[in-house]
Amino acid sequence: MKIATWNVNSVKARLEPALAWLKQANPDVVCLQEIKTVAESFPREAFEALGYNCAVHGQKTYNGVAILSKRPLEDVTPRLKGNDADDQSRYIEALVAGDKGVLRIASIYAPNGNPLGTEKFTYKLGWLERLAAHARDLLANEEPVALMGDYNVIPEDNDCYDPRAWVNDALFQPQSRAALRKIEFLGYTDAFRARHGEAGQYTFWDYQAGSWRKNQGIRIDHILLSPQAADRLGACVIDREVREGEKPSDHVPIWCELDI
DNA sequence: ATGCCGACAGGATGTCGA
């Protein structure tokens, strides 16, 4: 099956480009982030017309995540456990069947965390800690799992155009990178890095300062696979040409093939 | 220096993103 993730930066503002990309890329499952709308206003019919079922954990104005799937979505679980007071919609998980097995898949929108020295950064680190705890619990099931989305973490120096430009940014702090690395050390595989060693492969380019034109991007959208999923990994590709289209998101889709 | 751009809510312009 082909699974993808894309921070669309408003599903309503991105509806036409999203539908065009879905028709062309034809993924079986898509995780969306920053849909910026409540479930009642999610443009469900437009996606259903392309054959997708929709699981939505929405929020007004900010955040919001969803999973689209051609096969039915079972065991749909919104919210990341570990803090009942957290009312930001940043996580939804579901179970989806493939031809050869079942995949547990999560759409993740980790907090940005800027500026440093504020509760926003503390919240980011706490959220990633909760994600790691949940990721660890999922490993006990020994099933294929894909935790995919906008982690808001630049893993390595070669995942940004200039490390010096990011040293004071929450996305590049040692604590943020350690939080992502902790999930990998549990046994999860960065699908893109498993298939590509080259530097300068980005999933986000800021709208400002001509970042896209100058290819000054960062790689912050990640597909993390449990061992049972990583064993079935095929290609992993960043659809960077989507950034060239009309009214683009500042993120582009990234997808992989799983033999499931 | 910390805007530049874009989306949102609301009906001007402040907040947020990364």
> So which pairs with a foot in residues 190-204 of chain A pass salt bridge (Lys or Arg N to Asp or Glu O under 4.0 Å), sequence neighbours left out?
Replying inline: A/Asp159-A/Arg193, A/Asp190-A/Arg219

> Of all of residues 243-255 of chain A, which get a heavy atom below 4.0 angstrom from DNA chain B, listed by number?
Replying inline: A/Lys247, A/His251

>> Using a heavy-atom cut-off of 4.0 Å across all strands, would you classify A/Asn168 as base, sugar-phosphate, or nothing?
In response: nothing

>> What is the distance, to the nearest angstrom, from the CG atom on A/Asn63 to the P atom on B/dA7?
In response: 17 Å

> Can you tell me how far P of B/dG17 sits from CD of A/Gln33, to the nearest Å?
Replying inline: 15 Å

> How long is the line joining CG of A/Asp169 and C1' of B/dG17, in whole Å?
Replying inline: 11 Å

> Base, sugar-phosphate, or nothing: which does A/Tyr109 touch, judged by heavy atoms less than 4.0 Å apart?
Replying inline: sugar-phosphate

> For A/Asn114 and A/Ala209, take the nucleotide of DNA chain B holding the closest heavy atom to each; which residue's nucleotide lies nearer the 5' end?
Replying inline: A/Ala209

>> Filter on side-chain hydrogen bond (donor to acceptor under 3.5 Å, both in side chains), then keep only pairs touching residues 13-24 of chain A, sequence neighbours left out; what's left?
In response: A/Trp21-A/Asp239

>> Strictly by ring-ring contact (aromatic ring centres under 6.0 Å, His included), give each pair with a member in residues 24-71 of chain A just once, sequence neighbours left out.
In response: A/Phe42-A/Phe47

>> Would you measure the distance from the P atom in B/dG10 across to the matching atom in B/dT15 and give it in whole Å?
In response: 15 Å

> Rounded to whole angstroms, how far apart are CG on A/Leu116 and P on B/dG17?
Replying inline: 13 Å

> Would A/Arg243 and A/Asp250 pass as an ion pair if we require N to O under 4.0 Å?
Replying inline: no

>> In whole Å, I'd like the distance from the CG atom of A/Asn7 to the C1' atom of B/dA7.
In response: 12 Å

> To the nearest Å, how far apart are A/Gln88 CD and B/dG17 C1'?
Replying inline: 12 Å

> How would you list, by chain and number, every residue that makes a ring-ring contact (aromatic ring centres under 6.0 Å, His included) with A/Phe192, sequence neighbours excluded?
Replying inline: A/His196

> Under 30°, 30 to 60°, or over 60°: which ring-plane class applies to A/His222 and A/Tyr151, parallel, tilted or perpendicular?
Replying inline: tilted

>> Does B/dG6 have its OP1 or OP2 closer than 4.0 Å to a side-chain nitrogen or oxygen of A/Arg14?
In response: no

> Among all residues two or more places apart in sequence or in another chain, which pass the salt bridge (charged side-chain N to carboxylate O under 4.0 Å, His left out) test with A/Glu184?
Replying inline: none

>> Check this for me: does any side-chain nitrogen of one of A/Asp28 and A/Arg71 sit under 4.0 Å from a carboxylate oxygen of the other?
In response: no

> What pairs of residues pass the salt bridge (Lys or Arg N to Asp or Glu O under 4.0 Å) test when at least one of them lies in residues 138-149 of chain A, not counting sequence neighbours?
Replying inline: A/Arg104-A/Glu143

> When rounded to the nearest Å, what value does the distance between P atoms of B/dA7 and B/dT2 take?
Replying inline: 26 Å

> B/dA1 and B/dT13: how far apart are their C1' atoms, nearest whole angstrom?
Replying inline: 23 Å

> Over how many whole Å does the gap from A/Asp206 atom CG to B/dT2 atom P extend?
Replying inline: 17 Å

> For residues 229-260 of chain A, which residue pairs qualify under ring-ring contact (aromatic ring centres under 6.0 Å, His included), counting only residues two or more places apart or in two chains?
Replying inline: A/Phe204-A/His251

Output a table of nitrogen or oxygen pairs between the protein and nucleotides 8-16 of chain B separated by less than 3.5 Å.
{"unit_1": "B/dC8", "atom_1": "OP1", "unit_2": "A/Ser10", "atom_2": "OG", "d": "2.3"}

> In whole Å, what is the span from the CD atom of A/Gln59 to the C1' atom of B/dG17?
Replying inline: 14 Å

